[in-house]
**Student:** 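The structure's right below; bear with me while I get my questions together.
All values derive from a computational prediction rather than experimental measurement. Below, chains carry the letters A, B, ... as their sequence lines are ordered, and counting in each starts from 1.
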Amino acid sequence: MAKLFTLKKTERLKSRKQTEQLFREGKRFTLTPFRIYYLFNNDKNIVLQFGAGVSSKIFKKAVDRNRVKRLIREAYRLQKISLQEKLAEKNIQLNLFFIYTGNELPVYKEVFDKTGKVLEKLLLIAGEQK
RNA sequence: GCUACAAGCCAGGCUAUCGCAUCUUAUUAAUUUAAGAGGAGGAAAGUCCGGACAGCACAGAGCAAUGCACCGGUGAAUAGCCGGCCUCCGUCUCGCUUUAAGCGAGACGGUGAGAGAGAGUGCCACAGAAAAUAACUACCUCAGCAAUGAGGAAAAGAUGAAAACGUAGGGUAAGAGCCUACGGCCUUUGAUGGUAACAUCAUCGGCGGGUAAACCUUGCAUGCUGAAAUGCCACAUAUAGUAUCGUUUGAGGGCGGCUCGUCCGAGAUACAGGGUAGGCAGCUUGAUUCCCGCAGGUAACUGCGGGAACAGAUAAAUGAUAGCCCACGACAGAAUCCGGCUUACCGGCUUGUAGCUUUU
């Protein structure tokens, strides 16, 4: 039985090429502190790949950027399972990128709630896919 | 015990749950699974200096450019560090003259981009007659009844950050280092001491300011690029097209920039278009850091012996949540690696120095 709350290298969006493709061709929506980019594709083995980013213009200190990215990653790690299962069920793949657009350092609880809502929305979108 | 200063060290802790990258050992068809180990800083920051390392270059000359600028040491090296010299400032002590105050000597602390203003050019706010080869007032001579004019003259005057060596005497129409004595400063030469900067003494010549963090002059030094360096492997391809120039009548390129010179030399440039951007090495143990002992040195630092410690990501790990404790947690996140400098910063600990207080 594989562990549920993992977030390994393979589950992260790593390739520069894939990321550029995601920003170029992917769809997006905004949910207050986040802007989400997502793109469905069919040619990978990994079901769900994820990345997170923060603008260095908003957060000038590297410490703060790291903090935000870690919070997003943590919230995502704990809540992504249902989306992952749905995608596996439908046999489709999804690339996903979070960008934090808020101006102030977030609290964990807020990030957790919002990430949950984002994932719910993505679950709906995934449900409509064939 | 408290306060101030200086130097050094530390930079919340523990537990639970979930998680991340690396390495090791097992295990597996398989980075599959399991266990274990260690996993950001004193500044990791600014990128301001200096190196290591790598690639390219490694005939040369001139010019330009940049950097540095008292001396010695240290070190791989520096604009760092240590020690010294000098300038200026402050405090204290002593001596002399003495109303105040001033002068000299010494000690301590600080300060200085500390070569050259006697090569040239420029600049010096305000005030002031005048800010550099100075005549406004006052002074002297001459002309004139006078007003005033011509000339001499830097001794006196308000200003200013700075005013044309100081005092005394001679000298003169009045004056002036114009002359003399003493003193001050700069410079030449010599002697002595010191590795040297420099100091002391003698001596020649001189005394019309400051500014080189203004240009500049002098001396010395200096290849460029910077881990997105660079090497290898894999994958993919287009030795295609158009235009211009060119193959000994030499396109173009290298030699840090320019000029010359020199070497290579058959392709070069532009337009439009296509492919790749994955892995491994570099990559972390090194001029390393800390502790102890011995030795050398005023010190920075060095040598020898012993011990301990040291992350390695690559869309980028080192985390999240909860609870408890306390001094209630600042500045802040490695990206090739070191040595410095600078800047940011809540608090704690240790040592030393000074002052105050308490007790014996």
**Student:** Round to the nearest Å and state the distance from A:Y108 atom OH to B:rC18 atom P.
**Tutor:** 14 Å
**Student:** What is the nucleic acid contact for A:R67, judged by heavy atoms within less than 4.0 Å: base, sugar-phosphate only, or nothing?
**Tutor:** sugar-phosphate
**Student:** Taking the same atom, P, in B:rA300 and in B:rC331, what whole-Å distance lies between them?
**Tutor:** 36 Å
**Student:** B:rA43 pairs with which nucleotide, Watson-Crick or G-U wobble, both distances below 3.5 Å?
**Tutor:** none
**Student:** Would B:rA197 be called syn or anti, given that syn covers angles within 90° of 0?
**Tutor:** anti
**Student:** Do the side chain of A:R35 and the main chain of A:I99 share a donor and acceptor less than 3.5 angstrom apart?
**Tutor:** no
**Student:** Does any nucleotide pair with B:rU343 by Watson-Crick or G-U wobble geometry, both distances under 3.5 Å, and what is it?
**Tutor:** none
**Student:** Taking syn as any angle within 90 degrees of 0 and anti as the rest, which one fits B:rU284?
**Tutor:** syn
**Student:** Once rounded to the nearest 0.5 Å, what's the spacing between atom OG1 of A:T115 and atom CD of A:Q79?
**Tutor:** 6.0 Å
**Student:** A:D64 has an atom CG; how far is it from atom C1' of B:rG319, in whole Å?
**Tutor:** 16 Å
**Student:** With a 3.5 Å limit on both atom pairs, tell me what B:rC5 is paired to, counting Watson-Crick and G-U wobble, or say none.
**Tutor:** B:rG352
**Student:** Angle between ring planes, A:F34 versus A:F98, binned at 30° and 60°: parallel, tilted or perpendicular?
**Tutor:** perpendicular
**Student:** Grab the CZ-C1' distance between A:R65 and B:rA45 for me, whole Å please.
**Tutor:** 12 Å
**Student:** Taking atom C1' in both B:rG190 and B:rU99, compute the distance separating them and give it to the nearest angstrom.
**Tutor:** 48 Å
**Student:** Searching all strands shown, indicate the nucleotide that pairs with B:rU91 (Watson-Crick or G-U wobble; both distances under 3.5 Å).
**Tutor:** B:rA107
**Student:** With a 4.5 Å cut-off on side-chain heavy atoms, are A:F97 and A:Y38 touching?
**Tutor:** no
**Student:** If I pick the P atom on B:rG305 and the same atom on B:rA6, what distance separates them, to the nearest angstrom?
**Tutor:** 40 Å
**Student:** Looking only at atom P, what distance separates B:rA344 and B:rG109, rounded to whole Å?
**Tutor:** 28 Å
**Student:** Is the charged tip of A:K69 near the ring of A:Y100: under 6.0 Å from the six-membered ring centre and within 45° of its axis?
**Tutor:** no
**Student:** Return the value, rounded to whole Å, for the distance between atom CD1 of A:I72 and atom P of B:rG19.
**Tutor:** 20 Å
**Student:** With P as the reference atom in both, quote the distance from B:rA7 to B:rG83 in angstrom, rounded to an integer.
**Tutor:** 14 Å
**Student:** Please report the distance, rounded to the nearest Å, between CG in A:N66 and P in B:rU314.
**Tutor:** 15 Å
**Student:** Using a 4.5 Å cut-off on heavy atoms from C-beta on, say whether the side chain of A:E74 contacts that of A:L78.
**Tutor:** yes
**Student:** For B:rG83, which nucleotide is its Watson-Crick or G-U wobble mate, given both distances must be under 3.5 Å?
**Tutor:** B:rC71
**Student:** If we take the P atom in both B:rU302 and B:rC263, what is their distance in whole Å?
**Tutor:** 50 Å
**Student:** Among the candidates B:rU318, B:rA320, B:rC18, find the nucleotide nearest to the side-chain atoms of A:L78.
**Tutor:** B:rC18
**Student:** What's the NZ-C1' distance between A:K69 and B:rA317, to the nearest Å?
**Tutor:** 11 Å
**Student:** How close or far is atom P of B:rU321 from atom NZ of A:K109, stated in whole angstroms?
**Tutor:** 12 Å
**Student:** Look at A:R70 and B:rG333 and indicate whether a side-chain polar atom (N or O) is within less than 4.0 Å of OP1 or OP2.
**Tutor:** no
**Student:** Decide, for B:rG286, between syn and anti: a glycosidic angle within 90° of 0 counts as syn, anything else as anti.
**Tutor:** anti
**Student:** Do A:V111 and A:Y76 have side-chain heavy atoms sitting under 4.5 Å apart?
**Tutor:** no
**Student:** Would you mind reading off the distance between A:K61 atom NZ and B:rC345 atom P, rounded to a whole angstrom?
**Tutor:** 11 Å
**Student:** What integer number of Å spans the C1' atoms of B:rA40 and B:rG319?
**Tutor:** 13 Å
**Student:** Would you mind pulling out the nucleotide paired to B:rC204, Watson-Crick or G-U wobble, both distances under 3.5 Å?
**Tutor:** none
**Student:** Any side-chain N or O of A:R73 below 4.0 angstrom from OP1/OP2 of B:rU318?
**Tutor:** yes
**Student:** Searching all strands shown, indicate the nucleotide that pairs with B:rA308 (Watson-Crick or G-U wobble; both distances under 3.5 Å).
**Tutor:** B:rU289
**Student:** B:rG42: syn or anti, with syn meaning chi within 90° of zero?
**Tutor:** syn
**Student:** If we take the P atom in both B:rA64 and B:rC216, what is their distance in whole Å?
**Tutor:** 11 Å
**Student:** Would you indicate which nucleotide in B:rC18, B:rA320, B:rA334 comes nearest to any side-chain atom of A:A62?
**Tutor:** B:rA334
**Student:** Which base sits across from B:rC324 as a Watson-Crick or G-U pair, both distances under 3.5 Å?
**Tutor:** B:rG13
